[in-house]
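Inspection log for the structure reproduced underneath, given as structure tokens.
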Amino acid sequence: MTVPQARPEVESLQAYSAPLEGRRGMLRLDFNENTVGPSPKVVEALRAIPVEQIAVYPEYAGLREAVVANLSVAPRPGAPSHLRRVLQPEQIGLFNGVDAAIHALFHAYGDRGDTLLTTSPTFGYYTPCARMQGMAIEAIPYRLPDFAFPLEEIRTALAQRPPRLLLICNPNNPTGTRLAPEPILELAAAAPGTLVVVDELYEAFTGDSVLPLADFVATPNLVVLRSLAKTAGLAGLRMGFAIGAPAVIDRISRVTGPYDINSFAVTAAHAALADQSYTDGYVAEVLRARRWLLEQLQAAGVRHHAAGGNYLLIWPGSPAEEVERRLRDAGILVRSMAGKPLIEGSLRVSLGTTAQMQHFWSAYQRITATGTPGASA
Ligand SMILES: Cc1ncc(COP(=O)(O)O)c(C=O)c1O
């Protein structure tokens, strides 16, 4: 019997490695999720869902407006007060997580033979999306020793070999590399034929968003991605946003199904967006926990790298996979960066609350002290 063949691009595609199963009940520091869960108001709203909502197709009325209002009033330092005037509901695309937005972006804009320009190492879902479209990939490495953004190289590539898509993860997952909004806007203005996508999933931890300065009329080739997974704690329900010029959001939305976001996610998103102070409180606690853990790492002389985002990189004295396995045995999940260029041998550790990082740190010290005879960490 012959198995039906998929498109050649799909036959040669390696599936993106999704989180392992069986993660519940563990301290999950492996996928940068919110580690304490969403606002109690989200849980309340979900509990109050009427039975009818299960039987009826989801309705999205008011959600784009709620996103606009949330982006306009966010009380974070540097948060834009003028966005209410600038952003319109038709500039907000709703997706089943930012993963689905990324997939749709490639589906709508990436044609066979086109190029994706991005950085390396970065979030692992960009390249499979490019490959499934038959696109070529140019991935420019971050600059050692501190993983600085390769701005000059990206500028040159944009000018000399204009790609179809430029994907910038800011701050970058996993190196945490931060890029100020101004150079990103300059890149977009200089390359009108390139769709410049800024993945701002972890922006809340740095405040470096391009949104306060973005002019989607002058630079309609700019798209910004945001999610409720990592800060608001809705990773399991899936809710992501693409923000850009109405015409671009329209094209991206054309390649998604009419009901791809389910109505539980819609209810949760309304409640989460209305309770921004809960999310801000969580972000503030993560930043406190980050400061605490950095002090411990510095005092213990453990090689590490921390920049933006709710995660940092640690190079244990013993093999990273071994430390990852022993931490898992102790109920703590972290992620080995084996196979990732420039950061081979490191562990990416997501940041949660101070109490969670204290728990991680005592397990890490115990494991690395016994794993490496004589080690003092
Ligand atoms: C940089 C980046 N973009 C997008 C995603 C996916 O986000 P979502 O959960 O909204 O699909 C992740 C998740 O790890 C990520 O790290």
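- Note on ring orientation: taking the six-membered ring where Trp is involved, the planes of Tyr142 and Phe149 are perpendicular (angle over 60°, cut-offs 30° and 60°).
- The backbone N or O of Arg131 lies less than 3.5 Å from no partner atom in the side chain of Glu9, so there is not a single donor-acceptor pair.
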Query raised in the report: For Glu138 and Arg161, what are the C-alpha separation, side-chain angles and deciding distance, and is it a salt bridge (Lys or Arg N to Asp or Glu O under 4.0 Å)?
Result: CA-CA 10 Å; Glu138 181 172 3; Arg161 311 174 286 283; 2.7 Å; yes
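- Formation of a donor-acceptor pair under 3.5 Å by the Arg47 side chain with backbone atoms of Val42 is not found in this model.
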Requested in this report: Would you sort out whether Leu117 and Leu167 count as a side chain to side chain contact (heavy atoms under 4.5 Å, CB included), showing the intermediate values?
Outcome: CA-CA 6 Å; Leu117 177 63; Leu167 234 315; over 6 Å; no
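- A distance-only check finds no donor-acceptor pair linking the side chain of Glu322 to the backbone of Ser318 [under 3.5 Å].
- Side chains of Asn172 and Thr175: a donor-acceptor N/O pair is present below 3.5 angstrom, by distance only.
- Looking at Ser346, its side chain never comes within 3.5 Å of a backbone N or O of Trp315 through a donor-acceptor pair.
- Between Asn96 and the choices Met239, Arg238, His103, the side-chain contact (heavy atoms from CB on, under 4.5 Å) rule is met once, by Arg238.
- Judged purely by atom type and a 3.5 angstrom limit, Ser227 uses its side chain to pair as donor or acceptor with the backbone of Ala229.
- With no hydrogens or angles considered, a side-chain donor-acceptor pair links Thr35 and Gln356 at under 3.5 Å.
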Requested in this report: Show your reasoning for whether salt bridge (Lys or Arg N to Asp or Glu O under 4.0 Å) applies to Asp30 and Arg23.
Outcome: CA-CA 10 Å; Asp30 52 346; Arg23 300 171 62 241; 2.7 Å; yes
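- Distance alone, capped at 3.5 Å, places no donor-acceptor pair between the Arg28 side chain and the Arg24 backbone.
- In this structure, the side chains of Arg64 and Leu94 come closer than 4.5 Å at one or more pairs of heavy atoms.
- Listed here is the closest heavy atom pair of Asp215 and Ala218: OD1-N, 3.1 Å.
- When atom types are taken as modelled, the side chain of Asn170 and the backbone of Glu200 share no donor-acceptor pair closer than 3.5 angstrom.
- Closest heavy-atom contact between Ala108 and Ile252: CB-CA, 4.2 Å.
- Between Thr219 and Ala188, the shortest heavy-atom distance links the atoms CG2-C, 4.2 Å.
- Contact between Gly193 and Arg164 at its shortest, heavy atoms only, is O-NH1, 3.6 Å.
- Of the possible donor and acceptor atoms, none in the side chain of Asp208 sits under 3.5 Å from a partner among the backbone N and O of Arg178.
- By the criterion of side-chain heavy atoms lying less than 4.5 angstrom apart, applied directly or through intervening Ile, Leu, Val, Met, Phe, Trp or Tyr residues, Tyr259 is grouped together with Ile261 in one hydrophobic cluster.
- Between Leu333 and Leu327, every side-chain heavy-atom pair lies at or beyond the 4.5 Å cut-off.
- Counting heavy atoms from C-beta on, the side chains of Cys169 and Tyr126 come closer than 4.5 Å.
- Going from atom CZ of Arg291 over to atom CD of Gln296 covers 13.0 Å, rounded to the nearest 0.5 Å.
- No side-chain donor-acceptor contact under 3.5 Å links Ser350 and Glu33.
- Residue Gln298 places its CD atom among more than 12 non-hydrogen atoms of other residues, nucleotides or ligands, all under 6.0 Å distant.
- A salt bridge is absent between Glu44 and Lys41; no separation between the charged side-chain nitrogens and carboxylate oxygens falls under 4.0 Å.
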**Report entry** CA sep, side-chain torsions, deciding dist, call: Arg226, Ser209, side-chain hydrogen bond (donor to acceptor under 3.5 Å, both in side chains)
**Finding:** CA-CA 10 Å; Arg226 294 283 190 94; Ser209 175; 3.0 Å; yes
Requested in this report: Under the side chain to side chain contact (heavy atoms under 4.5 Å, CB included) rule, what do Glu285 and Val36 come out as? Steps first, then yes or no, please.
Outcome: CA-CA 11 Å; Glu285 170 56 18; Val36 299; over 6 Å; no
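- If you check the side chains of Glu59 and Ser263, you find no donor sitting under 3.5 Å from an acceptor.
- Using a 4.5 Å cut-off on side-chain heavy atoms (C-beta onward), Met26 and Arg328 make contact.
- Looking at Leu313 and His304, their side chains never come closer than 4.5 Å, going by heavy atoms from C-beta outward.
- Two residues are said to be in side-chain contact when any heavy atoms from C-beta on lie closer than 4.5 Å; Pro121 and Ile343 meet this criterion.
- Considering all non-hydrogen atoms of both residues, Gly37 and Tyr278 come closest at O-OH, 2.8 Å.
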Report task. Go through the steps to decide whether Thr118 and Leu166 satisfy the test side chain to side chain contact (heavy atoms under 4.5 Å, CB included), and finish with yes or no. Result -> CA-CA 6 Å; Thr118 190; Leu166 167 62; 5.7 Å; no
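- Residues Leu158 and Leu187 meet the side-chain proximity criterion, which asks for heavy atoms closer than 4.5 Å.
- Asp275 places no side-chain N or O within 3.5 Å of a backbone atom of Ala272 that could act as its donor or acceptor partner.
- When each of Val248, Thr194, Val197, Leu185 is tested with Leu222 by the rule side-chain contact (heavy atoms from CB on, under 4.5 Å), just one qualifies, namely Leu185.
- No donor-acceptor pair closer than 3.5 Å links the side chain of Asn173 to the backbone N or O of Phe123.
- In this structure, a donor-acceptor pair under 3.5 Å is present between the side chains of Gln276 and Asn70.
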Query raised in the report: Does the pair Phe106 and Tyr109 meet the rule for a ring-ring contact (aromatic ring centres under 6.0 Å, His included), with working shown?
Result: CA-CA 5 Å; Phe106 278 88; Tyr109 284 92; 10.0 Å; no
Query raised in the report: Between Gln133 and His107, is a side chain to side chain contact (heavy atoms under 4.5 Å, CB included) present by the stated rule, with each step listed?
Result: CA-CA 7 Å; Gln133 298 303 117; His107 203 34; 3.6 Å; yes
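- Side chains of Leu71 and Leu211 form a contact here, defined as non-hydrogen atoms less than 4.5 Å apart.
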